[in-house]
A.B. asks: 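First, the structure itself, so that you have it in front of you.
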Amino acid sequence: MKRWLTLAQWNPYLAGACVGILAVLSVLVTSLVLDKGQYLGASTTFVRASGLIEQVVSPDHVAANSYFQKEKIKVDWQMLFVIGVFGGALLSARLGRTARFEWVPPVWRERFGPSPLRRAVGAFIGGFILLFGARLAGGCPSGHGMSGNMQLAVSSLLALVFFILGAVLAARQIYPPGDH
């Protein structure tokens with residue numbers, strides 16, 4: 001078992017099967033145990049986290065904000081899910097001995113130079129656009145792509161198609177083919 005966990009790369013079919021099992025367990029736990037109608041997703045967590053931070057600075061503004069009244073500010077299973085995704089990825093990278101700390105990844109450095117500040121600004125802008133799009137679409141790629149498609153929701157299939165199309169177009173703009 002330990003040898004399996006320390007592999008630098010897993011068989012994609014095994015990893016896909018594990019994700020499928022996790023998704024089914026997620027649906028069962030959230031619907032039967034937690035009695036929730038929504039399944040796997042993460043974009044609401046970032047809104048709630050920003051509300052938690054904003055409460056420290058301006059609690060009156062948060063209390064009067066209609067969006068925060070709709071999306072209750074709380075630490076819930078979705079926030080723990082996001083923390084678990086980060087922790088699990090870190091643990092996996094450490095066990096597989098592929099973790100390394102880089103201020104500026106090589107692909108970014110080749111295209112935009114070695115500035116960590118430029119990288120941080122680019123990451124922040126990209127994250128903002130991604131979160132804005134996820135909120136506009138009524139969910140994030142994991143929510144639509146996994147949970148929505150497991151339920152055969154046409155809106156989730158369309159959202160996922162446009163997430164992927166947008167990602168491909170953005171990647172081709174930022175990193176044109178033959179540029180590196």
A.B. asks: Could you measure the distance from the CG atom of Leu90 to the CG atom of Leu95? Nearest 0.5 Å is fine.
C.D. replies: 9.5 Å

A.B. asks: Is Val107 reachable from Phe101 through a run of hydrophobic residues whose side-chain heavy atoms are each under 4.5 Å from the next?
C.D. replies: yes

A.B. asks: What do you reckon, is CD of Glu102 surrounded by more than 12 foreign heavy atoms closer than 6.0 Å?
C.D. replies: yes

A.B. asks: Are Trp10 and Leu91 connected, step by step, through hydrophobic side chains (Ile, Leu, Val, Met, Phe, Trp, Tyr) whose heavy atoms are closer than 4.5 Å?
C.D. replies: yes

A.B. asks: Suppose we screen for ring pair (Phe, Tyr, Trp, His ring centres under 6.0 Å). Which residues come up paired with Phe112, at least two apart in sequence or across chains?
C.D. replies: Trp108

A.B. asks: Under the rule for side-chain contact (heavy atoms from CB on, under 4.5 Å), what residues qualify as partners of Pro59, not counting sequence neighbours?
C.D. replies: none

A.B. asks: Which value, rounded to the nearest 0.5 Å, describes the distance between Phe132 atom CZ and Ile129 atom CD1?
C.D. replies: 10.0 Å

A.B. asks: Indicate, with yes or no, if Leu117 and Ile125 share a hydrophobic cluster defined by side-chain heavy-atom contacts under 4.5 Å among Ile, Leu, Val, Met, Phe, Trp and Tyr.
C.D. replies: yes

A.B. asks: Please check: side-chain N/O of Arg109 versus main-chain N/O of Val104, any donor-acceptor pairing under 3.5 Å?
C.D. replies: yes

A.B. asks: Drop me the distance from Asn65's CG to Ser58's OG, to the nearest 0.5 angstrom.
C.D. replies: 10.0 Å

A.B. asks: Are Val82 and Leu131 connected in the hydrophobic side-chain network, where two residues link if heavy atoms are under 4.5 Å apart?
C.D. replies: yes

A.B. asks: First locate atom CG of Leu169, then atom CD1 of Ile164, and finally report the distance between them rounded to the nearest 0.5 Å.
C.D. replies: 12.0 Å

A.B. asks: CE/Met79 to OG1/Thr45 distance, rounded to the nearest 0.5 angstrom?
C.D. replies: 5.5 Å

A.B. asks: Hey, quick one: are Ile83 and Ile53 part of the same hydrophobic cluster, counting side-chain heavy atoms closer than 4.5 Å, chains of contacts allowed?
C.D. replies: no

A.B. asks: So do the side chains of Arg118 and Pro114 get within less than 4.5 Å of each other, counting heavy atoms only?
C.D. replies: no

A.B. asks: Using 0.5 Å steps for rounding, measure from the CZ atom of Arg111 to the CD1 atom of Ile174.
C.D. replies: 8.5 Å

A.B. asks: So do Val33 and Leu28 actually touch side chain to side chain, heavy atoms under 4.5 Å?
C.D. replies: no

A.B. asks: Provide the full list of side chain to side chain donor-acceptor pair (under 3.5 Å) pairs with a residue in residues 80-90, sequence neighbours left out, each pair given once.
C.D. replies: none

A.B. asks: Heavy atoms only: give me the nearest Arg119-Pro105 pair and the separation to one decimal.
C.D. replies: NE-CD, 3.3 Å

A.B. asks: Partners of Arg97 by salt bridge (Lys or Arg N to Asp or Glu O under 4.0 Å), sequence neighbours excluded?
C.D. replies: none

A.B. asks: Go through the structure and list residues passing salt bridge (Lys or Arg N to Asp or Glu O under 4.0 Å) with Arg48, not counting sequence neighbours.
C.D. replies: Glu71, Asp76

A.B. asks: Apply side-chain contact (heavy atoms from CB on, under 4.5 Å) to the pair Leu52 and Val62, showing each step before the final yes or no.
C.D. replies: CA-CA 9 Å; Leu52 285 170; Val62 173; over 6 Å; no

A.B. asks: Show the nearest heavy-atom pair for residues Ala63 and Gln69, with the distance to one decimal.
C.D. replies: O-NE2, 2.9 Å

A.B. asks: For residues 46-75, which residue pairs pass the ring-ring contact (aromatic ring centres under 6.0 Å, His included) check, not counting sequence neighbours?
C.D. replies: none

